[in-house]
Participant: 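Here it is, the structure in full.
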Amino acid sequence: MTTTNRFTVFPLQARPNLGRLWLGAVAGTVLGAALGVHAATVRLDELDLTAMTAGWGKPQPNLSITQKPLALGGVKFEHGVGTHAESDVMISLDGKAKWFTAKVGVDDHASNAVASVEFIVSGDDRELWRSGVCHWGEPPRECRVKLTGVKSLELEVTDADDGNKNDHADWADAAFAFAGAPPQTVKTLAPAEAAVILTPPAPREPRLNGPKVYGVRPGSPFLYRLPCTGARPLLFRADDLPEGLTLDYTSGIITGKVATAGTYRATLFARNAFGSTRREFRIVVGNQLALTPPMGWNSWYIHYNRVTEATMRDAADQMIASGMADFGYQYVNIDDCWMKQKGDVPYRDTNGAVLPNWNFPDMPGLAAYIHAKGLKAGLYTSPGPWTCGGYVGAYQHEATDAREFADWGFDFLKYDWCSYGQVAGGSDLAHLQRPYQLMAGELQKQKRDLVFNLCQYGMGDVWNWGGEVGNSWRTTGDLGLARDSRLPGFYHIGFSNARHWANARPGAWNDPDYLLVGWVGDAHGMGQGRPTTLTPNEQYSYLSLWSLMAAPLIFSGDLARLDAFTLNLLCNAEVIAVDQDPLGRQGKILRQTRDEFVLVKPLEDGALAVGLFNLAAHPRTMTVTEDELGLSGPARVRDLWRQKELGALARTLAVEVPRHGVALMRVQPLK
Ligand code: GAL
């Protein structure tokens with residue numbers, strides 16, 4: 001060990017978990033005394049690295065993340081830590097540490113020109129040093145940070161905001177000079193937070209929820225269950241429905257077909273023993289579906305390859321029984337794993353029609369079951385020969401499959417790239433677009449509407465063209481696989497998705513993946529469910545972020561295990577109204593710093609939805625000014641989670657926001 005000198009001898013209890021360091025430090029004391037210098041050093045690689053996170057692989061002492069010798073720009077290093085963006089570690093100090101020094105950069109073995117990272121050193125939640133963006137092949141950058149007074153040090157490696165592909169990062173020759181207790185890594189544990197339900201329960205009087213605008217193609221089957229809260233029984237009425245549609249006045253389900261294109265302005269009514277309500281509803285009969293972001297549930301993050309037809313029927317029952325459908329959740333979507341698995345021949349019947357596996361004995365029956373409740377049915381396949389889970393894909397059977405999905409009665413298709421790369425024949429834009437254009441064309445030919453969700457993780461800047469092909473497009477990799485570093489994975493996915501705000505519009509939405517809250521299975525091992533590890537404030541941030549981004553609100557936790565907190569989180573009508581606003585604009589980024597993220601979403605009635613996200617590890621007063629919001633006249637402010645008026649907007653709006661929490665407000669100009 002390279003401890004050179006020190007002057008403090010620690011009491012035993014002040015040096016947990018530091019066997020090697022202790023011996024070295026004692027040796028250093030002796031050496032230091034001999035040299036007459038009073039400081040000790042310990043290298044980062046000598047600390048316990050189990051608390052260090054990495055976006056891929058496991059941080060390595062004295063080796064790169066791929067276990068090669070550490071090397072930066074041709075210079076080799078014997079000592080240091082190899083990691084991978086996003087990476088993070090917290091180190092506890094006693095205020096007497098002196099220096100942290102290192103040489104940093106992208107490891108030479110990353111051998112990929114796209115690798116780029118940024119190193120950040122923070123002390124007590126203040127940034128102390130930042131490397132700037134480092135690229136592959138560059139010489140190491142010198143990091144020398146004074147630590148006097150610092151008690152909590154954070155070493156972070158970001159992906160430099162361009163994805164973490166090949167981001168092999170080295171803290172080479174990284175060491176601490178200290179005078180008091182030796183530095184030690186600590187596991188960051190979120191402080192315990194009470195799961196406070198912020199939203200008042202829906203009143204017993206009827207309240208009509210859900211989108212105010214709805215798209216359907218001429219002649220396609222129309223199915224819409226009026227989302228309405230309030231004591232049952234409820235009675236419904238609809239005035240000025242277009243010809244061809246009828247409303248069942250007890251179930252509130254509208255069915256039928258509209259032959260003629262046009263915009264129809266209907267009025268919906270609901271009544272119960274305690275009162276009545278009405279709401280405008282625009283039915284746009286034309287070529288556009290999903291005029292507001294789709295809302296529903298998907299099986300992936302809880303049932304994985306365990307999904308069955310029975311699970312799907314139960315999910316439909318639970319969507320109604322839980323009350324979620326009364327807030328606008330309507331799609332009940334099977335993800336991967338409903339077809340035959342590789343090896344389980346035959347995959348298709350003699351006409352080429354794809355065969356579901358034995359877990360799905362009756363696909364048309366399943367769709368009919370879901371429809372009978374006024375809900376919609378969704379399913380999944382891949383343009384490749386195999387899905388990501390190794391089940392049969394649609395490759396070279398696109399027309400047959402599209403027809404079959406429509407015949408079965410499905411209303412939504414997620415089309416997941418998976419194995420398509422093996423047959424794509426190229427990776428330029430045209431090759432990336434081709435399979436999606438092909439399936440879009442086949443879906444167009446069907447006599448029922450299928451909302452089309454592109455899932456190819458953002459390739460070819462899909463946000464620039466996805467709207468010409470489908471109704472929504474995933475902008476990133478899987479949210480369930482996004483690793484925690486400083487912040488839980490949904491923030492990284494959210495920040496990335498937020499950048500494409502200008503591309504979202506009615507019928508065409510950025511899709512940052514599902515709502516992983518409540519009872520969810522760990523995606524890394526396709527595991528059984530367990531309660532989310534997100535804190536309550538992080539969950540409020542998650543739903544706020546998705547709503548401000550006009551993201552599809554697709555829950556993917558266990559519908560059978562919805563607790564009161566999760567249900568409240570998913571079912572705040574005013575938060576959902578931000579997501580479902582008919583103007584269809586995605587929130588624009590007003591501010592993004594290490595500690596703050598601010599989004600502003602214009603709404604159809606001239607109001608603004610504003611989200612102030614505190615990314616710091618402690619509460620913080622966050623502000624936004626009238627000027628920043630582009631407002632001058634009087635306006636009133638409403639807290640959307642609490643559904644409570646906050647009063648008139650002052651020149652500067654200042655709000656205390658909890659750790660990793662959010663203030664989600666609606667600012668309504670009074671004109
Ligand atoms: C991934 C996709 C996930 C899930 C999974 C199924 O590619 O992004 O959302 O569908 O495949 O295998």
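The figures here come from the full heavy-atom set of this structure, side chains too, leaving out hydrogens, waters and symmetry mates. Indexing begins at 1, ligand by ligand and atom by atom, following the structure's order.
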Participant: Does any N or O in the side chain of Thr387 come within less than 3.5 Å of the main-chain N or O of Gly393, such that one atom is a donor and the other an acceptor?
Facilitator: no
Participant: How are the rings of Tyr491 and Phe495 set to each other: parallel, tilted or perpendicular (split at 30° and 60°)?
Facilitator: tilted
Participant: Please collect all ring pair (Phe, Tyr, Trp, His ring centres under 6.0 Å) contacts where either partner lies in residues 308-338, sequence neighbours excluded, each pair once.
Facilitator: Tyr331-Phe412, Trp338-Phe405, Trp338-Trp408
Participant: Can you check whether Met339's main-chain N or O pairs, donor with acceptor, with Asn357's side chain at less than 3.5 Å?
Facilitator: yes
Participant: Once you measure the plane-to-plane angle for Tyr415 and Phe452, does it fall in the parallel (<30°), tilted (30-60°) or perpendicular (>60°) bin?
Facilitator: tilted
Participant: Taking it one step at a time, do Arg217 and Gln444 satisfy side chain to side chain contact (heavy atoms under 4.5 Å, CB included)?
Facilitator: CA-CA 10 Å; Arg217 292 188 306 159; Gln444 277 288 330; 3.6 Å; yes
Participant: With a 4.0 angstrom cut-off on heavy atoms, strictly below it, pick out the residues next to ligand 1 and order them by chain and number.
Facilitator: Trp300, Asp335, Asp336, Tyr380, Cys388, Gly389, Lys414, Asp416, Cys455, Tyr457, Arg474, Asp478
